[in-house]
Student: 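The following block contains the structure, expressed as structure tokens.
Quick note on labels: first sequence line is chain A, next is B, and so on, each numbered from 1.
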Protein chains: 2
Amino acid sequence: MSQYERTCMIRGDGGRTIRAVLDRICDKWTLLIVATLEEGRLRFTELQRHVPGISQRMLTLTLRNLERDGLVSRTAYAEVPPRVEYELTPMGQSLIPPALALAGWAIENNARILASRAAYGQEAGDGERTQG
Amino acid sequence: MSQYERTCMIRGDGGRTIRAVLDRICDKWTLLIVATLEEGRLRFTELQRHVPGISQRMLTLTLRNLERDGLVSRTAYAEVPPRVEYELTPMGQSLIPPALALAGWAIENNARILASRAAYGQEAGDGERTQG
DNA sequence: CTGGATCCCGAGTGATACTG
DNA sequence: CAGTATCACTCGGGATCCAG
């Protein structure tokens with residue numbers, strides 16, 4: 001694949017493609033829920049326990065969006081008390097590998113980014129940023 | 001790599017790892033700018049032309065963050081009129097492959113997601129969602 | 001147990017005007 | 001040309017309360 005074709009995959013028609021993914025996975029909880037559900041089918045409360053810090057409201061909203069987009073399937077059992085189970089669809093599972101690629105990049109580069117961030121603006125001297 | 005290790009890469013310490021990346025790339029313009037800069041070193045105005053719809057303000061802000069994180073290098077030439085060039089650092093370039101993995105996923109699944117979204121809530125009948 | 005409804009706040013973003 | 005400053009607005013997301 002040429003570099004031109006590669007950047008086109010991202011830049012595409014003005015970036016609509018990449019923005020489509022980002023709009024879907026970039027909220028605060030989606031990827032965490034998907035990763036959690038890869039471990040297996042879980043109930044609402046179980047999910048809430050496995051994703052520390054998520055509120056009831058956000059868990060509901062995120063699951064609804066995932067269900068709506070076909071990444072997660074929801075099964076409600078007509079019981080008392082209610083029981084609802086969530087699991088990844090095949091399409092949901094297919095999101096894991098690219099997500100892992102990102103996570104791997106994060107692990108490899110996070111320290112360097114933090115270092116760069118700490119150093120930014122600290123370069124005392126005559127110029128604050130690179131001079132050509 | 002076992003499934004447990006895989007999900008741990010994402011879920012990690014409560015998801016801090018994956019959130020670190022997302023916080024960095026999930027804004028509206030970062031990935032588009034990175035992809036555009038992969039084509040080569042560009043000036044401010046050139047970048048603005050290559051990224052349709054971005055405002056001067058957001059281009060500046062996004063570039064500052066990328067520079068601060070060490071993903072983009074900025075070179076200012078002491079000329080009149082001013083000339084400033086931006087290019088990816090090696091770390092910035094290393095973000096392209098995982099970004100492409102995501103873009104590829106988007107291309108492959110976007111149609112299915114839109115279909116699922118269109119169908120959601122339209123399943124007329126006795127139950128609105130899956131019954132167990 | 002599984003949510004829905006409501007209120008509120010801050011972050012991200014766009015528009016616009018100004019500057020060295 | 002390459003920014004900076006300010007305002008206004010939207011929207012994600014947390015807290016809280018209510019319901020089947």
Student: Can you tell me how far apart CD (Gln56(B)) and CZ (Phe44(B)) are? Round to the nearest 0.5 Å.
Tutor: 5.0 Å

Student: Can you check the Arg19(A) CZ to dT13(C) C1' distance for me, whole Å?
Tutor: 12 Å

Student: Using whole Å, what does the distance between atom C1' of nucleotide dG13(D) and atom CG of Leu32(A) come to?
Tutor: 15 Å

Student: Among residues at least two apart in sequence or on other chains, which ones pass side chain to side chain contact (heavy atoms under 4.5 Å, CB included) with Ile107(B)?
Tutor: Met9(A), Thr17(A)

Student: Which of the following nucleotides, dT4(D), dG14(D), dG3(C), is nearest to the side chain of Arg64(B)?
Tutor: dT4(D)

Student: For the pair made of CZ in Arg74(B) and C1' in dC1(D), what is the distance, rounded to whole Å?
Tutor: 12 Å

Student: Who are the side-chain hydrogen bond (donor to acceptor under 3.5 Å, both in side chains) partners of Gln48(A), not counting sequence neighbours?
Tutor: none

Student: Hey, could you give me the CG/OG1 distance between Leu31(A) and Thr62(A), rounded to the nearest 0.5 Å?
Tutor: 11.5 Å

Student: For Arg41(A), is the CZ atom crowded, meaning more than 12 foreign heavy atoms sit under 6.0 Å from it?
Tutor: yes

Student: Below 4.0 angstrom, which residues in residues 48-63 of chain B have at least one non-hydrogen atom near DNA chain D?
Tutor: Gln56(B), Arg57(B), Thr60(B)

Student: Can you tell me if Tyr86(B) touches the phosphate of dC1(D), counting only side-chain N or O atoms and a distance under 4.0 Å to OP1 or OP2?
Tutor: no

Student: Within the supplied structure, the quantity of interest is the number of heavy atoms (other residues, nucleotides, ligands) at a distance under 6.0 Å from Arg117(B) CZ; does it exceed 12?
Tutor: yes

Student: Among dG14(D), dA2(D), dC1(D), find the nucleotide with the atom closest to the side chain of Pro81(B).
Tutor: dC1(D)

Student: Could you give the CG-to-C1' distance, from Asp27(B) to dG10(C), as a whole number of Å?
Tutor: 17 Å

Student: Of all the nucleotides listed (dC1(D), dG3(D), dG3(C)), which has the minimum atom distance to the side chain of Arg43(B)?
Tutor: dC1(D)

Student: Measure from the side-chain N and O atoms of Arg11(A) to the backbone N and O of His50(B), and report whether any donor-acceptor pair falls under 3.5 Å.
Tutor: yes

Student: Return the value, rounded to whole Å, for the distance between atom CG of Leu42(B) and atom C1' of dA2(D).
Tutor: 15 Å

Student: Rounded to whole angstrom units, what separation is found between the CG atom of Asn65(B) and the P atom of dT13(C)?
Tutor: 10 Å

Student: How many Å lie between CD1 on Ile25(A) and C1' on dG12(D), as a whole number?
Tutor: 16 Å

Student: Side chain of Phe44(B) only, please: which of dG14(D), dG3(D), dC1(C) is the nearest?
Tutor: dG3(D)

Student: Just the rounded figure in Å: distance from P of dG3(D) to CZ of Arg83(B).
Tutor: 13 Å

